[in-house]
Trainee: 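Can you read through this structure? Questions will come right after.
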Amino acid sequence: MRVGVLGSGDVAKTLASGFLKHGHDVTMGTRTAAKLSEWKAQNPKGTVGSFADAAASDELIVLAVKGEAAADALRSAGAQNLAGKPVVDATNPIEDAPPVNGVLKFFTSLNESRMERLQAEFSGAHFVKAFNSVGNACMVNPQFKGGKPTMFICGNHEAAKKSVSKVLDQFGWETADMGGVAAARAIEPLCMLWCIPGFLRNDWTHAFKLLS
Ligand SMILES: NC(=O)c1ccc[n+]([C@@H]2O[C@H](COP(=O)([O-])OP(=O)(O)OC[C@H]3O[C@@H](n4cnc5c(N)ncnc54)[C@H](OP(=O)(O)O)[C@@H]3O)[C@@H](O)[C@H]2O)c1
């Protein structure tokens, strides 16, 4: 697949390298290409361009920018470049404020998630929430003593979720599909839960698993 990764932070770089490792073509999008010069040197097969470059020619888009900037980054990418494509939303709506007793603050409410707002504004794109509830160090083929971890996903478009499930298979995850976009109200706060052991005990190496 041709994959466009919007972002230049740790999540964007980790996922972009993961896609390259699994044989996909990758274009990373940023406002400042210099931020990705080291990544580009380490990943010569990858391409670096603008948000619009990354979205334009690709079959799967990954949104991995600061939560507050998600809509701006997508506007720069261009709604027409997103239409009809799966957009993996790895972002979290974290406030610019320190955690309280290890608990992050969000700028959304439990009755309206970040991804619902994005889906409403960019109605032609097929958003799929994924990769938001685990740290970047554990995103690509993580090894846990407890076995394969579970990635909770959701979104309105079945084919888009199938594409993302295939990626998750490659990246060493089992997928738990929680339904339509409104389920992001439950999946986004998993980030808060995931971070608590980190902030309280500096333990950042874990993932969720759904048992049945
Ligand atoms: N860090 C983790 O382990 C982790 C795990 C799961 C989910 N997440 C979520 O993944 C997302 C990315 O996290 P991160 O830690 O890799 O990076 P980050 O520091 O949260 O975000 C950096 C990115 O945000 C973009 N950005 C910032 N302000 C912008 C603006 N005004 N307009 C457009 N773009 C803007 C930057 O674009 P430029 O490249 O143009 O500067 C850069 O690509 C976040 O939403 C985070 O909550 C993080």
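Whatever order the structure lists ligands and atoms in, that order sets their numbers, starting from 1.
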Trainee: Assess the side chains of K13 and N43: does a donor N or O sit below 3.5 Å from an acceptor N or O?
Mentor: no

Trainee: Please verify the inter-ring angle class for H206 with W194; under 30° counts as parallel, over 60° as perpendicular, anything in between as tilted.
Mentor: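 Tilted.
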
Trainee: Under 4.0 angstrom from atom 13 (O) of ligand 1, is there any protein heavy atom?
Mentor: yes

Trainee: Quick one, K85 with E59, criterion salt bridge (Lys or Arg N to Asp or Glu O under 4.0 Å). Give me CA distance, side-chain angles, the key distance, then yes/no.
Mentor: CA-CA 6 Å; K85 298 178 186 175; E59 300 158 277; over 6 Å; no

Trainee: Is it true that D89 and K129 have a side-chain N and a carboxylate O under 4.0 angstrom from each other?
Mentor: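 Salt bridge: yes.
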
Trainee: Using a strict cut-off of 4.0 Å, indicate which atoms of ligand 1 neighbour a heavy atom of G67.
Mentor: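 Ligand 1 atoms under the 4.0 Å threshold to G67: 45 (O).
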
Trainee: Any chance you could lay out the salt bridge (Lys or Arg N to Asp or Glu O under 4.0 Å) test for D177 and K161, step after step, and finish with the verdict?
Mentor: CA-CA 8 Å; D177 181 354; K161 286 194 284 191; 3.1 Å; yes

Trainee: Check ligand 1 against G135 and write out every atom of the ligand that is under 4.0 Å from a heavy-atom position of the residue.
Mentor: 3 (O)

Trainee: Could you tell me, atom by atom, which parts of ligand 1 come under 4.0 Å of a heavy atom of V11?
Mentor: 1 (N), 2 (C), 4 (C), 5 (C), 8 (N), 10 (O), 13 (O), 16 (O), 48 (C)

Trainee: Contact between ligand 1 and W194 is defined here as a heavy atom of the residue under 4.0 Å from a ligand atom; is it met?
Mentor: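 No, W194 has no heavy atoms under 4.0 Å from ligand 1.
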
Trainee: Show your working on side chain to side chain contact (heavy atoms under 4.5 Å, CB included) between L82 and L74 and close with a plain yes or no.
Mentor: CA-CA 8 Å; L82 308 172; L74 292 176; 3.9 Å; yes

Trainee: Quick test of your reading of the structure: of D89, V65, L6, V62, whose heavy atom lies closest to atom 45 (O) of ligand 1?
Mentor: V65

Trainee: Out of N92, N136, L190, V48, who gets a non-hydrogen atom closest to atom 3 (O) of ligand 1?
Mentor: N136

Trainee: At what distance is the nearest protein heavy atom to atom 41 (O) of ligand 1, and which residue and atom is it?
Mentor: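 The answer is K35 NZ, 2.3 Å.
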
Trainee: Heavy-atom distance to atom 31 (N) of ligand 1: which of R75, K66, E68, R31 wins?
Mentor: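 The residue whose heavy atom sits nearest atom 31 (N) of ligand 1 is R31.
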
Trainee: Taking only heavy atoms of M139, which atoms of ligand 1 are found under 4.0 Å from at least one of them?
Mentor: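 Result: 5 (C), 6 (C).
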
Trainee: Would you sort out whether R185 and E112 count as a salt bridge (Lys or Arg N to Asp or Glu O under 4.0 Å), showing the intermediate values?
Mentor: CA-CA 6 Å; R185 297 174 199 177; E112 195 198 18; over 6 Å; no

Trainee: Carefully, step by step, assess K66 and D96 under the rule salt bridge (Lys or Arg N to Asp or Glu O under 4.0 Å).
Mentor: CA-CA 10 Å; K66 199 173 171 196; D96 265 336; 3.3 Å; yes

Trainee: Is it the case that atom NZ in K21 sees more than 12 heavy atoms from other parts of the structure closer than 6.0 Å?
Mentor: yes

Trainee: Do the two ring centres, one from F199 and one from W204, sit under 6.0 Å apart?
Mentor: yes

Trainee: With atom 33 (C) of ligand 1 as the reference point, say which of S76, G29, S50, A69 has the nearest heavy atom.
Mentor: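 Checking each option, the heavy atom nearest atom 33 (C) of ligand 1 is found in A69.
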
Trainee: From the options A70, A90, A64, A73, select the one whose nearest heavy atom is closest to atom 9 (C) of ligand 1.
Mentor: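 Considering heavy atoms of A70, A90, A64, A73, the nearest to atom 9 (C) of ligand 1 sits in A90.
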
Trainee: Between I94, T108, N132, N92, which is the residue that forms a side-chain contact (heavy atoms from CB on, under 4.5 Å) with R114?
Mentor: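 Answer after filtering I94, T108, N132, N92: T108.
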
Trainee: Can you pull out the closest protein heavy atom to atom 17 (O) of ligand 1? Residue, atom name and distance to 0.1 Å, please.
Mentor: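 The closest one turns out to be G9 CA, 3.9 Å.
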
Trainee: Can you name the atoms of ligand 1, numbered from 1 with element, that are less than 4.0 Å from a heavy atom of T30?
Mentor: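 Near T30, the atoms of ligand 1 are 38 (P), 39 (O), 40 (O).
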
Trainee: Going by the atom numbers of ligand 1, which of them fall below 4.0 Å from some non-hydrogen atom of T91?
Mentor: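 Atoms satisfying the 4.0 Å criterion: 45 (O).
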
Trainee: Considering only the protein, which heavy-atom contact is closest to atom 43 (O) of ligand 1, and what is its distance?
Mentor: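 Scanning the protein heavy atoms, the shortest distance from atom 43 (O) of ligand 1 goes to S8 N, 2.7 Å.
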
Trainee: Go through ligand 1 atom by atom and flag the ones less than 4.0 Å from a non-hydrogen atom of V134.
Mentor: 5 (C), 6 (C)

Trainee: Provide the number and element of each atom of ligand 1 under 4.0 Å from a heavy atom of I94.
Mentor: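 Contacts of ligand 1 toward I94, numbered from 1: 47 (O).
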
